Number of protein chains: 2
Amino acid sequence: MFRLSKAAEYAIRGVLYLSGKEDTVKPTGIEEIATAQGVPPAYLAKLFQTLGKKGFVRSVRGHDGGFVLTKTPSEISFLDIIEAVEGPIFLNDCLINEGYCANDSVCPVHDVWGEAQKRLLGFFSSCNFKELSESGLKKRKKLKSKS
Amino acid sequence: MFRLSKAAEYAIRGVLYLSGKEDTVKPTGIEEIATAQGVPPAYLAKLFQTLGKKGFVRSVRGHDGGFVLTKTPSEISFLDIIEAVEGPIFLNDCLINEGYCANDSVCPVHDVWGEAQKRLLGFFSSCNFKELSESGLKKRKKLKSKS
DNA sequence: TTATTCAGGACATAAAAGGTCTTTTATATC
DNA sequence: GATATAAAAGACCTTTTATGTCCTGAATAA
């Protein structure tokens, strides 16, 4: 149905939470992240495991363990995290497999998927977590000043 | 996995085929469309049933029956057909349900989904079947002149 | 009236999404 | 060194969605 997976959403919210942390050295436990963002802890743990493998976070086991970002928030894009947990985005099979369409060279639908994908990926790769985190802060401030 | 459904792809290919027909009055059988586009006939029939309900095609039963477009190809967009068979596109649940996020007003992720969706829908609604069909013709001509 | 073709709905299958749980391993503190 | 804590790894489970098929009934042209 053309929808983003919960996995990607949860992972993004998790990374966003870490991006907002002042202390970038002390690990943050998965339980804290999950509670703060309102997502299932066990599931988030799985997701952070793969984020670790892909090199976006570093994990510390044991007492006072948890996760730390390995890059600064401005270096991490939405696309990075989406693709880390869902694998590469392909709007349509014919964009993966050359020869999926019986006659690639005359199929005009091809081009539409290609262009749509290019635009979508371009947009997601232009969104980084520094901006995102700051825009969240700004929103919170605005809300506060109103009340 | 953020992929377009086969349903949408098949429906689009079906409509594209009809768009390329010279004769816009004589109905085209589902079998012909399916064979031409290499898609499962029974499935395509289902899809055209819903396209009929949504008013994009008219069906004629019985001998020499089939389907006819009810609009000219230039009036039908990609988005029309995608949404006809998949329902409205929502990249994320929080774009459907107000209050899905615990704190909408301070969640910055929201905006990203919203913008991405706006762009994607904008693009798909800008693609019409007249252009698409013509670009297919052009491609075929080019290929022919080469051989 | 008969062959053809779509309509409608039930049904089937497989894959993916979304998530839980248990065991093991690493680490800090007492 | 023992113990509590927390992630790693992988097995497992449930529900939903995607992708079809098939059968019966209704419309229609020859």
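Model, not experiment: these values are computed from the prediction. Letters A, B, ... are given to chains in the order of the sequence lines, protein chains preceding strands, and every chain is numbered from 1.
- For the pair A:K26 NZ and C:dA28 P, the computed distance is 15 Å after rounding to whole Å.
- Straight-line distance from the CZ atom of B:R58 to the P atom of C:dA7: 12 Å, rounded to whole Å.
- Whole-Å rounding puts the B:E86 CD to D:dA18 C1' distance at 10 Å.
- Residue A:A11 comes nearest to A:L51 through the heavy atom pair CB-CD1, 4.4 Å, listed as atom of the first residue, atom of the second, then distance.
- Taking each heavy atom of A:D93 and B:R3 in turn, the nearest pair found is OD1-NH1, 3.3 Å.
- Rounded to a whole Å, the CZ atom of B:F2 is 17 Å from the C1' atom of D:dA18.
- Contact between the side-chain N/O atoms of A:Q49 and the OP1/OP2 oxygens of D:dA9 is found at a separation under 4.0 Å.
- Both A:P41 and A:V60 sit near DNA chain C, but only A:P41 has its closest nucleotide nearer the 5' end.
- In summary, the aromatic rings of B:F123 and B:F78 are positioned with their centroids too far apart to meet the 6.0 Å limit.
- Going from atom NZ of A:K46 over to atom P of C:dG19 covers 14 Å, rounded to whole Å.
- The base of C:dG8 has none of its N or O atoms less than 3.5 Å from a complementary donor or acceptor on the side chain of B:K53.
- Looking at heavy-atom distances under 4.0 Å, B:G52 makes no contact with the nucleic acid at all.
- To the nearest angstrom, P of D:dA8 lies 11 Å from CG of A:L51.
- A straight line from CD of B:E31 to C1' of C:dT4 spans 12 Å, rounded to a whole angstrom.
- Distance A:R61 CZ to C:dT25 C1': 4 Å, rounded to the nearest Å.
- Looking at heavy-atom distances under 4.0 Å, B:G62 makes contact with a base.
- Backbone-only engagement by B:F67 is indicated by non-hydrogen atom pairs under 4.0 Å involving sugar-phosphate atoms exclusively.
- Among the protein residues, B:A7 comes within range of the sugar-phosphate backbone only, with heavy atoms under 4.0 Å from sugar or phosphate atoms but none that close to a base.
- The nearest pair of heavy atoms linking A:T50 to A:A84 is OG1-O, 4.3 Å.
- Toward the 5' end of DNA chain C, the nearer of the two residues A:H63 and A:L4, judged by each one's closest nucleotide, is A:L4.
- Residues B:I12 and A:W113 approach most closely at CD1-CH2, 3.6 Å, considering heavy atoms.
- Side-chain nitrogen and oxygen atoms of B:Y10 include at least one within less than 4.0 Å of the OP1 or OP2 phosphate oxygen of D:dG20.
- Between D:dA8 and A:S59, a contact under 4.0 Å exists linking OP1 or OP2 to a side-chain N or O.
- Toward the 5' end of DNA chain D, the nearer of the two residues B:K6 and A:I30, judged by each one's closest nucleotide, is A:I30.
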